[in-house]
Every structure is written in C-alpha cells, then in structure tokens.
Amino acid sequence: MNLTQTFASVVASSQIDANNIEPTVNNPAVATGAFSYMWLLLALPLLGAALLLIGGKRTDKWGPYFAIAMSCGAFVVGAIMYLKMLGLPANDRPVNLHIWDWVIVGRFQAPLGMQLDQLSIVFVLLITFVGSLIHIYSLGYMKHDPEKRKFFAYLNLFVAAMLLLVTADSYLLLYVGWEGVGLASYLLIGFWMYKPTAATAAKKAFVVNRVGDVGLSIAIMLMFVTFGSVTFPGVLNNAAEGNPTTMTWIGLMLLLAACGKSAQFPLQSWLLDAMEGPTPVSALIHAATMVTAGVYLIVRSGPIFDATPTARTVVMIVGAITLMFGAIIGCAKDDIKKALAGSTMSQIGYMILAAGLGPVGYVFAIFHLVTHGFFKANMFLGAGSVMHGMNDQLDMRRFGALRKVMVITFITFSCGWLAIMGVPPFAGFYSKDKIIEAAFGVNWIVGAVALLGAGITAFYMTRLWTMTFTGKSRWTEDNKHPHESSSVMWIPMAILAFLSVVAGFMLAGAIETWLAPVTGFEETELAVSSLVMEAASLALVIIGATIAYLQYRRDVPLVAPQHVSPLTVAARHDLYGDAFNEEVFMRPGQWLTRSLVFFDNRGIDGLVNGIAAALGGLSGRMRRIQTGFARSYALSMLGGAVLVIAALILVRT
Amino acid sequence: MSTTHYLVLSAILFSLGVLGVLVRRNALIVFMCVEMMLNASNLAFVAFAQQNGNLYGQTIAFFVMVVAAAEVVVGLAIIVTIYRTRRSASVDEPSLLKY
Amino acid sequence: MSFPWLTTIGVIPLIGAFVIMLLPKASNELAKRLAVVFSVIPLILVIAMALQFDADSTAEFQFVESHSWIRSFGISYSVGVDGISLVLIALSVILVPLVILAAWNDADDAMGSVKGYFALLLILETFMVGVFAATDVFLFYVFFEAMLIPVYFLIGRYGGPGRQYAAVKFLLYSLVGGLLMLAALIGLYVVSAQELGTGTFDFTTLTNLNIDPGTQKLLFLGFFIAFAIKAPLVPFHTWLPDAAAASTPGTAVLLVGVLDKVGTFGMIKLCLPIFPAASAFYAPVIIVLCVVGILYGALLAIGQTDLKRLIAYTSISHFGFIGLGIFAMTTQGQSGSTFYMLNHGFSTGALFLIAGFLMTRRGSRLVADYGGVYRVAPVLAGLFLIAGLSSLSLPGLSSFVSEFLVLVGTFEKYTVAAVIATLGIVLAAIYILYLYQRTMTGPVKAGCEKMTDIKGREALAIIPMLVLLVALGVYPKPVLDVINPAVDRVMLQTGQRDPEPAVKPLAESGPAKQEAQRVVGTVEGGAR
C-alpha cells in the first residue's frame, strides 16, 4: 500500500491555498541524484520485453515471473522518484534527464530525454501500479495459454511504451511512446490471432489510431514551424506568443490525436472491437491507461489550449458528445466487455470534457483519470473473473445469480460499480462531481449533459451489475458450475476494489495542490452551492439505478428482444459508427483502390505497352519495304544518289 | 580533244552501267555493268588529272582498279557458290534470304 | 598518394566475379562461399573508411582519387565521398553480403548458371560503389548505364515467370532515361566549355558554373527525367513492379534497395547543386508529383494480390517521400531523405527477402495462398512484422526518424503538400497490416501447414537489417552527423535556407540553442 500511504502524506502536507494557481514556467531542472536513474523506468520493462521475445521458448518457464518483476521494479523506481519529489518545494519538482541527442538536424532539435514532474509522476505511479497488478492477475488468467510468455512480453512492452509516453520531454519522443502503446495494443488485441475477428480488430485499432497520429504529426510540425522547437519547454513556454489561428490548428490537431488514442468521437469505433483481446489487456490498456493518453496529451498541452478558446471549446464538445455516445452504447450491449467498453468511452468523455474546460478542469480530468483507472480496471478484472468462471461466456443474458458462487468477485465488482456511479464516499463521487460542477461553471448545457450522463451511467452500470450478479441463473448447459477465481486473480481485484473505495476521499483536495504548479488551477465559481449540485447528481444516479434494477432484476430473455425502440437498435449497432465508416471511407476506398489498380495496369502501363506495340507494328510495316530484290535496292540507291546530286546542284546555284 | 569529251563519254558509260545493273537479271552481266561504272569513273579521274596537270586522279584510278579487282574476286566466288546451290545466276533468287 | 580506398572497395567484388567465373562448372558451393568472402571484404573496408571519415571536414569530398582518363574531353577517373555518398556506399556494401546469404539457393533451378548469378551480383556491387563514389559526371554516367547490364541478366536469366518482359521493360525504360541524361550531359559539357574555355565534367567545377536559367531548365529536365525513371516517381514507375515481381528476391532487394537510390542520389547530388535555379523553378511541380506518388503507390499497394508487386508499390510510395524531402529544399527535408534512402534499403530489403522465404516455402506469389503462417512459423512472422512496421515508419524505428524529418522539412515550405503526404502514414498502416493480416493471422490455410520456420542462414541475412533499423531509430546520431554537413553544403550550393520559426524562442534551453547557432554558423561560414 505504498501508493495510498504516500498520497495520504500529501493530504497532510497540503496546507497552502489551492485556489487559482498559475502554472509555473515549464523549466525543469537537470536531474541529479536519484533522479538520474529515472531511465530505469523505461529500461526495466523494455529489458523484460526484449529478453522474453528474443529469448524465445527458453524463457517460457521463468519469463512471466521475470516480466512481473520488471513491472514491479518500475513501480518501485517510480515510487522512489515520487518520494524524492515529495521532499522538494513545488517549483523544484520538475526534473529533466537528457539521455542522448536523438534527432538533431539543423534547427530541428529533439533530444532523447525524460521529464518527470508532478503530472507525469501521477501517471507513472498509476501505470506501474495498475500494470503490476494486472501482470499478476494475468498469471492466473493466462495460466493455460500456450503463448503466455509472449503475452507477458507484450505487457512489458506496453508498460515501457506508456512510461515513455508520459515521461518524454518532447512531443516527438511522446510520439514514440504514443505509437509504441498503439503497437502493444495492436499485438495484444490480436493476441489470439488465429481468430480472424481478433486480427481484424487489431488492425482496425491500429489504423484508426493512425488517423489520430496524423493529427499528432501535423501538430508537431506546426509547433516546429511556429516555435522552432518540439520540446515541452520550447513549445509550452512560448505558446502565449503564437498566432491565435495557428494555435487553434495545433489544438485541433492535438485533439484529433487524442480522439484516436482515447476513442473519442469521431474515432471511437475501434474501442468496442478491441474487446477481442484478452481481458487483462482490456483492463490495463483499454480502460485504465492507454486510452487515457489523450487526456494526458491535452492536459500536458494546457498552455496551447489556454491560447485558443476555440480549440478548447471543441475539446469540450467532443468530450460531451462522446460522454453521451458511450453511455448510450453501454445501455444496449449484452456483451459484458462491450458494455464496459462503452462505459470507458463515456468516462473518458468526462475527462476530455474536463480538460476542455481549461484550468478549472485540468486537475479534475487527471483526478477522474486516476480514480477511473482504479475502478474500471477493477471491474474489467471482475468481468474477466466472471468469464473465467463461466467458460469464456460473454453474454450477460447467460449470467445471473453469480453473487452467490463468486462472492469475492461480486464484492470487488460492487465497489467498482458504486464508485463509477459516484455514490459517496466512493472514488467516482469525488472526481466526477467535480467535473460536473466545473462544467456548469463554464457552460450550463455542457454541465447538463454531464449531469444527465451521470444518470445514464447509473442506469447501464446497474443493468450490467443486476444482469450478472442478481436474479435467477440463466447459465447454459456447458457451464453449470461457475466458480470463484484463484487468489492470484482476486488479490489484485481486491486491491483495486479497496482503492475504488478510498482513492477519491484520499486524493480530493490534495491532487489540486499537487498538480496545480504544472497544470494551473482555478476554483469554479457556481451560482448554487456545490451541495445542491451533489444532491442533484445523486438523485439522478438513484433514479437511473432504480430503473435499471427494477427492469433487469427478474425477467431477462435469453435472446435480446428484437422489437425495441430505434435508439436501442442504434445503440446495439454502436450508433452506426462502423456503418458510417464503412459507407464513407471503406467502400469508396475499396472502389478507389480497385479503379486505381485498373488505371495503373490499363492506363499508365497500357500507354507504355501501347507505345511499344505501336513501334513494333510500325517496324513490321517498314520491314515490308525490304523486298530482298537486289535490283530494287539498286534503284533506290540510284534515286538517292540523284536526289543528293540534285540537292547539291540546287544549293550551289 | 577537250576534257568535256572525255567526261561525256564517261557519263555515257556510267549510265549504260547503271541501266545494266537495274534491268539485267544475270548476275554476271550485272557484275560487268558494275565494272563498267567503275571504269567510267576511272576515265573521269584520268581526264581531270590531265586537265589539272598532276597525278592525283591517276593515282586514284589505280586504287579503283585494285579495289575492283578485289571485288571481282570476292563477287565471282559468291556468284559461283550461288550458282552451285541454286543452279541459276539470277540476282532475284537471293530475295529468299529477306527478313 | 594515400591509400586508394574507394577504388579498392570497388575493384574487389569485380575480382571476385572473375574468380568465380573461372571456377569449374560443378563448384557451386565454392562459388557461393567465395561470393560471401568477396562481398564481406568491401564491407570491412567501408567500415574502416567510415571510421576515418571526418564529418566536419571543410573539403567537399574525402578519400579523393583522380586520374586523367580522356584528356581531350576533360574526362577523368575521379572518385571521392561526402556524407551522402558514404551512407549510400555503406548501404550497398551491407546489402550485398546479406543478399548473397539470403539468395543462397535462388539460382539453383534457374536457366543461368549458379556461379554466373553470384558473379553478376558482385559485378553489380562494383558498379553501385562506382556510381555513388564518382565525382566526375561522365564517370557517373558510365556507371549509371553500366549497372543496367548485370541487372538485365539477373532479371532476364534468373527471374521467375514474365522475366523476359520485365527485363526488357526495365532496360528500355532505363535506356530512355539514360539517353536523355547523355544529351543533357553533352549539353552541360558544351556550356562549361563556353563559360570556362575548356569543357569539364568535374562535379565541383560544374556546381560553380553560372548557367543561364533557360539552358538550366532544359539540362535539368534531361537529368531529372533520367533520375525520375530510375527512382521511380509516378508516372514513370510501371517498370518497377514488373521488374521486382519477376526477379529473384535478392535481385529485387538490390534493385529497389540500392539501384533506385541512384535516382534520388542523382537528384540531390547532381540536379540540385548544378542547376539551382531550375530546381527551384520545377520544385513545386515535382512536389506535386511526389505527393501524388505517395498516395498513389500506397493505394495501389493496398489493391495488389501479388506479394512482391505489393512491396514494390510500397516502395513507389516511399520514393515519393524521398523526392518530397529533396525538393522541399530544407535541411530537415534533405537530411531526412538521405536517411530515408538508407532506412528504406533495409526495411524494403527485409520485406523482399522475407517474401522470398515465404515463396520458397509455399511456392506461390499470391497473397491469397497464405494464411495463418504465424502458427507454423512464428519467428518468420515476427520478423516480417518488424520489417513491416519499419515500412510503415513506426516511431522508434529509424524509418520514422527519416519520414518525420521529410514531413517536417516539407511542412516548412509546402504546408499543404506535407499535410496531404501525412495521410500516407494511414495508408501505410493499412497496406502493411492488411498484408500481415491476410498472410500471417487467421486459421492456417491449406498448403501452409508444412511451412518451416526461418533457418540459421536466412536469419543471419535478415536480422542485421532489423537490428540496424532499431538501433538507428533509437540512436540515429552517427548517421545524421555524417549526413548533415553534406546536406548543409547542398543547401548552400542551391542557395536555399530554412524558413525562420514564426515565434522567436524565449526560454529555449541553453545547450540546444548554441547547437542551433553552430549549425547555422557553419552554413553561413562555409565557403562556396
């Protein structure tokens, strides 16, 4: 419980007033002492991945344990860094470690360096802590998989890439981590590659993410052209000087990147398919860490968004749309993982929305990100435990009454369920309600959407919880004997469940003080007291939960009913996100590709071959002039000679 | 006799040679016509040498004779070979070799 | 006279080729081993030479050798290297031994003799080294055309189905380009004779000429079209898929990996410095061609059904990037392009060789005949994925560094072009991952069950390329340090400079700023 203790000590030390803190100039000190070992954060998991992948079958036996050791090692390093940072005054906390020169061409200077500050250390702790727990959980979950070693290697690769993402000191290096986690996600979604659906889902995730990466690429190029630099200090400290239009474009491009990675509208479609991957992967990558990278990117780039209200508004709107989008999808899905994925999308919508509010929201975006990391990972692991006990059944209509046979899973999952609904004093209450309040402070429509979202969240989570754990059993013939998972699986769940309960309470207030020097912080001014807000959201939560409980408590048909409202049908089809992509991008793309292949073969190559054929035909004709009669050649020679002489005579006169 | 007379004679001989080459079919006759053209040019060379008062034209005439002799040797050999294989000395026969 | 490094490096493979040709007919195994020996020696020599190379030297070329050859036309045998040519020579000598290892059994069933195959590969190596090392434009032309001969036979005698068509097509395309180049070369000689009194083909002298813009444009076109065919840029590209598909994988690697680089090398080392005004004049048109090529090549790659044609089309897309960086005329663009040439050699080389391994195992070129290969040959699949990822420029691999530099460099001057070109990275992801999905994942297809995993010799050929891709992706400094001064010189000769950033940096950290000033200083201070 290292993490909880250290966070608790922040609470004690947070005596200064947290209201309205301006971010300090981003000028990290050179890393010395213990900080100069921060490269271990990247090196340890990377070593694990490399050793397990290169070592091949030889490492089958001890490989998974080694991977766990590397992940835990990274957590220990991160914790030491955190403790060290805790002992420093707020403005001395950011440190930079220059590892070596990376891409240095003319004015373009991107070092390979790490920057550790209050913001990145939060991520480092979250990633390594949740990551290590999920490593341990996987030991049980993947016990019988023949390619367990590869799985752990990929997990380590993911941890390394994610740590690189949050500790990079330039946007270009962040890009490496950004695509690195994309690669790890690709490998893990497609871990069971023999299933064509898994392979397709993996490819889709990578390609959709690449669309977002176009945004990141363009943003970095714009930064370089505008500021002549791609490092965080070089860009962020000068962001206020930039031309507003340019800054808006940079902001929008960063948002595009964030949409890809965090499955925000309109690039949300890959996340639901990504549930093809093993469940620990869904918990770690597609719930707790990787999908929140977009939030990190926007919060990290705060000064850019501060310089462009337009882009910030767009961020807020995208967050609000996705929040509803994910929540509606979550209401209609029968697949437990997909329902959770919809929920993840929706919760990240909250975070993006908060990040779009500016300094009043940055801190709460990160706050919600951390608590969400705990409770959503917890629920995904719970879902994995259910699947494990139910012979890999995913359909919630086949569950029911698991409360009695899977007691521990039921309890841990219930903690997560209460936390995500925002029932006080569970974690979500502190983080989500703050976002709703801040949203009302900026714009009441967005606030209302966030508030309504809380009600829908309560509905779909209660639906999921009710269908899985309560009511009558609807188990199929082949898995009549669901059982509780082994301790290696439930202990990580229990730890996360505990954090789902206490993290909000522990961090509330402290996290503002901690992050403010990096992100800036402003207190929200509300017309009504926050108590009214809390009461309103709690009332909505109770209404949503009650409706869901009453509806799904008893009769759940084994097959989803067909005669339902158009909205439900749409939600079952992911609100036609895939259909849209298929009609607008895929089909025309396929048509374009086919017609270009035709054009290349018949058009360009046809022209070339046509010229060749024309020349060949012409020579064939000309060949016929050569009759083979010596005397006709002689005649033509005579004709030629006469012409030459005639010409000479003509020219002479 | 002036140079002009020689040149006219040379031109007549050359034209006769050209005509022979074009209309006769027998390879031997064609060959003799070629010789006639060469000699017509020799006559012209010698006539010009006479007019200019130097020996350049005469020298060239000798060269032409030597070349003509060499040509006759090779040419006759070819004609004989063709005659042996095809039992004819017609110049139209080798058109089978075209293309 | 110092040690003639470049001549030695060039001649050793040629000697090797003669030795192999003199071997008795049955000694195939010996021929293969000798080929490895004779291709490894130049590699060692190049490493030794590179270690002595002084990146910050003020001289344009190093390891210079010059002997008069045809005195009356001012033609000499002059060789030397700068950063750009050093990188490409290194690429050639690294690829040849790896190709020989990978192509160990390629020629066993061919219509030509086995020893002939390896001798031709070595002869090709000689010409490749020569073309990159030549500092006399005429000598460059001679090597440029001479390269066609071994390649023609490599495709025409050792290739697969359709090899005759492909070989003739390749030859004709190249000859058309070569002819235009010859005409422009003679024109250049005449211009130099008019300006200097005596004509010359010496590269450095030619860059200092003041050719009038109209003539420049004509001469530029002659050279450029030759290089555009060689590179190949759209719409001069259709020979490449045929040639690559019909040749053996080894030949395809050298063809696409090195030979085509002569085109882009010529653009940056000849077109730009000798015809600066014409280059600037045509740059917008060429940029458009390159952007079209990037998207067009990528879309066609997605639509291919033949493994090797697919890889060939990806290369057309990549060559679009290289051309884009060169004609963007910024430091970042040109350094990126030069680095791209190196990385593309390795990534496409690895892809072609692995495709070759797949084809020897399955006996088919069609993508549709593969499926689920990762279950039967996991290591092969893994290596294929790494090679593919480098082809789609995954950050962390060296191709990312180069591709990003090209895009940034282009963005500085041609924003719209760069943005459109950036869409190419999405298409790259599609063509590589779609290929990987179709061949490697899913259930094992009928006919693929018996495929074996990669063997020692094959792994030895692939792994060095992948290691280089990763190592240079993480630490590209050694190569960039060699390339940068050469590119700065090209920029100077072209009279171009990088645009200034819109916002003057306020709080840029100290060392980085000094570094920037140092680089700018050398550009300004370097004597023309």
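All of these numbers come straight from a predicted model, not from anything done at the bench. Numbers restart at 1 for each chain; the letters A, B, ... are given by sequence-line order, proteins then strands.
Sorted by first then second residue, the salt bridge (Lys or Arg N to Asp or Glu O under 4.0 Å) pairs that include residues 435-445 of chain C, not counting sequence neighbours, number zero.
Formation of a donor-acceptor pair under 3.5 Å by the A/Arg210 side chain with backbone atoms of C/Ile425 is found in this model. Side-chain atoms of A/Trp102 come within 3.5 Å of backbone N or O of C/Gly473 as a donor-acceptor pair. Counting only distance, with no hydrogens or angles, the side chain of A/Arg107 and the backbone of C/Glu500 share no donor-acceptor pair below 3.5 Å.
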Stepwise ring pair (Phe, Tyr, Trp, His ring centres under 6.0 Å) test for A/Tyr175 and C/Phe400: CA-CA 10 Å; A/Tyr175 193 4; C/Phe400 166 72; 5.1 Å; yes

C/Tyr313 and A/Asp600: CA distance, side-chain angles, deciding distance, side chain to side chain donor-acceptor pair (under 3.5 Å) verdict: CA-CA 11 Å; C/Tyr313 274 109; A/Asp600 202 57; 2.3 Å; yes

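Among A/Thr200, A/Leu607, A/Leu592, the residue making the largest number of heavy-atom pairs under 4.5 Å with chain C is A/Thr200. Listed options C/Asp498, C/Val474, C/Val401 were ranked by heavy-atom pairs under 4.5 angstrom with chain A; first place goes to C/Val474. No other option in C/Leu423, C/Val419, C/Asp481, C/Leu392 has as many heavy-atom pairs under 4.5 Å with chain A as C/Leu392. The candidate from A/Pro196, A/Gly180, A/Ser217 with the greatest count of non-hydrogen atom pairs under 4.5 Å with chain C is A/Ser217. Listed options A/Thr246, A/Leu172, A/Val230 were ranked by heavy-atom pairs under 4.5 angstrom with chain C; first place goes to A/Leu172. Among the candidates A/Asn243, A/Val597, A/Leu112, the residue making the largest number of heavy-atom pairs closer than 4.5 Å to chain C is A/Val597. Per-residue counts of heavy-atom pairs under 4.5 Å with chain A were compared for C/Ile483, C/Ile302, C/Leu394; the largest is that of C/Leu394.
Partners of C/Asp242 under the side-chain hydrogen bond (donor to acceptor under 3.5 Å, both in side chains) rule, at least two apart in sequence or in another chain, are C/Lys169, C/Arg309.
Proximity to chain A (any heavy atom under 4.5 Å) is restricted, for C/Leu389, to the side chain, taken from C-beta onward. Heavy atoms closer than 4.5 Å to chain A are found in both the backbone and the side chain of C/Leu407. Neither the backbone nor the side chain of A/Asn209 comes within less than 4.5 Å of any heavy atom of chain C. At a 4.5 Å heavy-atom cutoff, the contact between C/Gln437 and chain A is made by side-chain atoms alone. C/Tyr165 touches chain A through its side chain: at least one heavy atom from C-beta onward sits under 4.5 Å away, while N, CA, C and O do not. Both the backbone and the side chain of A/Val211 come within less than 4.5 Å of a heavy atom of chain C. Interface remark: A/Leu183 contributes side-chain atoms only to the contact with chain C (heavy atom separation under 4.5 Å). Within the 4.5 angstrom heavy-atom criterion, only side-chain atoms of C/Leu385, from C-beta onward, approach chain A. Only the backbone of C/Pro499 comes within contact range of chain A, with heavy atoms under 4.5 Å apart. Looking at A/Glu147, only its side chain comes within 4.5 Å of chain C, counting heavy atoms on both sides. Looking at C/Pro378, only its side chain comes within 4.5 Å of chain A, counting heavy atoms on both sides.
Using cut-offs of 30° and 60° for the angle between ring planes, the A/Phe108 and C/Phe404 rings count as tilted.
Counting heavy atoms from C-beta outward, C/Phe411 and A/Ile218 have side chains that approach closer than 4.5 Å. In this structure, A/Lys195 and C/Pro443 have side chains that are not in contact, with every pair of non-hydrogen atoms separated by 4.5 Å or more.
With rounding to the nearest 0.5 angstrom, the CG atom of A/Leu222 is 7.5 Å from the OG1 atom of C/Thr415.
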